[in-house]
Amino acid sequence: MLKYLMTNKRKVLLLIGCAFGIVLIRLFEDQLFYDPFLQFFKQDFKNKTLPNFDGIKLFFGILFRYSLNTIFSLAILYLLFPQRSLLKFSTQLFILFFVVLSLLFFVLLFFFTPDYMILFYLRRFLIQPLLLILFIPAFYYQQLSK
């Protein structure tokens, strides 16, 4: 392992940099993104009403955050598994997940009396790099089974 780290210093530094980028997104979420649900979901939200929000600003705030997380996530995946086919597949999955999850999130938000826990988890998948956490072991397992 140490030998691998010494021969791939650049790759390891890039991985650390990408992981640090994801951490910075989380640390500065209040300053970088419009999301009135940040404070709402940090409180005891079950008996409260949804905060007032601008739907268009919320969509673009979530899109911006998802895009930044996706860029860092794809970079990490490519550094760990340097295959263009996996990168292309991952990119398509990230786009598909964004379309489906954001569509569900906003349909529930605007057209139904939403269950707050469903909104919470849909939003969580949109603003956190959870797909990266799912893809790394999946791709690793696929590499082992070849």
Side-chain angles (χ1 to χ4, degrees), residues 4-5 8 10-146:
Y4 176 81
L5 291 175
N8 294 302
R10 183 171 178 250
K11 186 187 249 189
V12 171
L13 287 175
L14 286 171
L15 277 168
I16 292 170
C18 289
F20 188 64
I22 289 174
V23 169
L24 287 176
I25 290 170
R26 174 69 182 209
L27 285 175
F28 295 106
E29 64 189 354
D30 291 328
Q31 294 86 14
L32 291 173
F33 312 107
Y34 172 77
D35 191 353
F37 295 110
L38 281 172
Q39 293 305 316
F40 177 73
F41 285 122
K42 287 181 182 176
Q43 304 167 2
D44 182 25
F45 57 85
K46 293 184 182 185
N47 296 322
K48 295 188 177 187
T49 59
L50 288 174
N52 292 330
F53 62 92
D54 181 349
I56 293 173
K57 281 177 69 176
L58 180 62
F59 173 77
F60 283 108
I62 289 174
L63 174 65
F64 180 50
R65 185 169 181 171
Y66 189 86
S67 299
L68 288 175
N69 280 327
T70 298
I71 290 167
F72 286 120
S73 297
L74 289 173
I76 289 170
L77 287 172
Y78 189 71
L79 288 167
L80 292 174
F81 311 102
Q83 299 169 6
R84 288 208 182 268
S85 60
L86 281 180
L87 182 66
K88 184 178 176 183
F89 177 69
S90 301
T91 303
Q92 292 169 345
L93 280 177
F94 273 101
I95 292 168
L96 176 70
F97 273 105
F98 178 76
V99 170
V100 170
L101 292 173
S102 62
L103 187 64
L104 283 171
F105 180 75
F106 284 102
V107 165
L108 284 174
L109 202 55
F110 285 111
F111 298 111
F112 295 98
T113 305
D115 177 6
Y116 291 167
M117 290 308 292
I118 293 173
L119 277 181
F120 174 80
Y121 286 113
L122 284 172
R123 188 180 145 280
R124 178 70 45 177
F125 265 96
L126 287 167
I127 68 168
Q128 300 296 331
L130 297 176
L131 294 176
L132 175 65
I133 295 168
L134 295 173
F135 289 171
I136 289 174
F139 292 159
Y140 179 73
Y141 182 74
Q142 181 189 17
Q143 294 285 324
L144 288 179
S145 64
K146 281 187 177 181

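The shown structure was predicted, so the numbers you read here are calculated from the model rather than taken from an experiment.
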Search all heavy atoms of [X] against all heavy atoms of [Y] and return the closest pair with its distance.
X: Phe125; Y: Leu101; result: CB-CD1, 3.6 Å
X: Arg124; Y: Leu130; result: CG-CD1, 3.7 Å
X: Asp54; Y: Tyr34; result: N-OH, 2.9 Å

key: Option from Leu109, Leu104, Leu103 for which side-chain contact (heavy atoms from CB on, under 4.5 Å) with Val107 holds   =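 Answer to the side-chain contact (heavy atoms from CB on, under 4.5 Å) test with Val107 among Leu109, Leu104, Leu103: Leu103.
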Nearest 0.5 Å, what's the [atom1]-[atom2] distance between [X] and [Y]?
X: Phe81; Y: Leu87; atom1: CZ; atom2: CG; answer: 12.5 Å
X: Asp35; Y: Glu29; atom1: CG; atom2: CD; answer: 8.0 Å
X: Asn69; Y: Ile76; atom1: CG; atom2: CD1; answer: 9.5 Å
X: Asp115; Y: Leu119; atom1: CG; atom2: CG; answer: 7.5 Å
X: Leu108; Y: Arg123; atom1: CG; atom2: CZ; answer: 14.5 Å
X: Asn8; Y: Arg10; atom1: CG; atom2: CZ; answer: 11.0 Å

Heavy-atom neighbours of Ile56 CD1 exceed 12 at 6.0 Å =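 No.
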Within 6.0 angstrom of Phe112 CZ, more than 12 heavy atoms from elsewhere =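 Atom CZ in Phe112 is not packed in, count stays at 12 or less.
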query = Between Gln143 and Leu80, is a side-chain contact (heavy atoms from CB on, under 4.5 Å) present by the stated rule, with each step listed?
reply = CA-CA 11 Å; Gln143 294 285 324; Leu80 292 174; over 6 Å; no
ask   = With a 6.0 Å cut-off on ring centres, are Phe135 and Phe89 close enough?
value =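 Between Phe89 and Phe135, which both carry aromatic rings, the centre distance is not below 6.0 Å.
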ask   = Phe53 and Phe37: aromatic ring centres closer than 6.0 Å?
value =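 That pair passes the under 6.0 Å test.
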Do [X] and [Y] have side-chain heavy atoms sitting under 4.5 Å apart?
X: Arg65; Y: Gln128; value: yes
X: Leu58; Y: Pro36; value: yes
X: Thr91; Y: Leu74; value: yes

task = Could I get the full list of side chain to side chain contact (heavy atoms under 4.5 Å, CB included) partners for Phe72, not counting sequence neighbours?
result =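 Partners of Phe72 by the side chain to side chain contact (heavy atoms under 4.5 Å, CB included) criterion, ordered by chain and then number, come out as Cys18, Ile22, Ile25.
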ask   = What do the steps show when you test Asp30 against Leu38 for side-chain contact (heavy atoms from CB on, under 4.5 Å), and what is the final call?
value = CA-CA 8 Å; Asp30 291 328; Leu38 281 172; 3.3 Å; yes
ask   = Tyr66 and Phe59: ring-ring contact (aromatic ring centres under 6.0 Å, His included), yes or no, with the steps?
value = CA-CA 10 Å; Tyr66 189 86; Phe59 173 77; over 10 Å; no
key: Chi angles and distances behind the ring-ring contact (aromatic ring centres under 6.0 Å, His included) call for Phe33, Phe64   = CA-CA 8 Å; Phe33 312 107; Phe64 180 50; 5.5 Å; yes
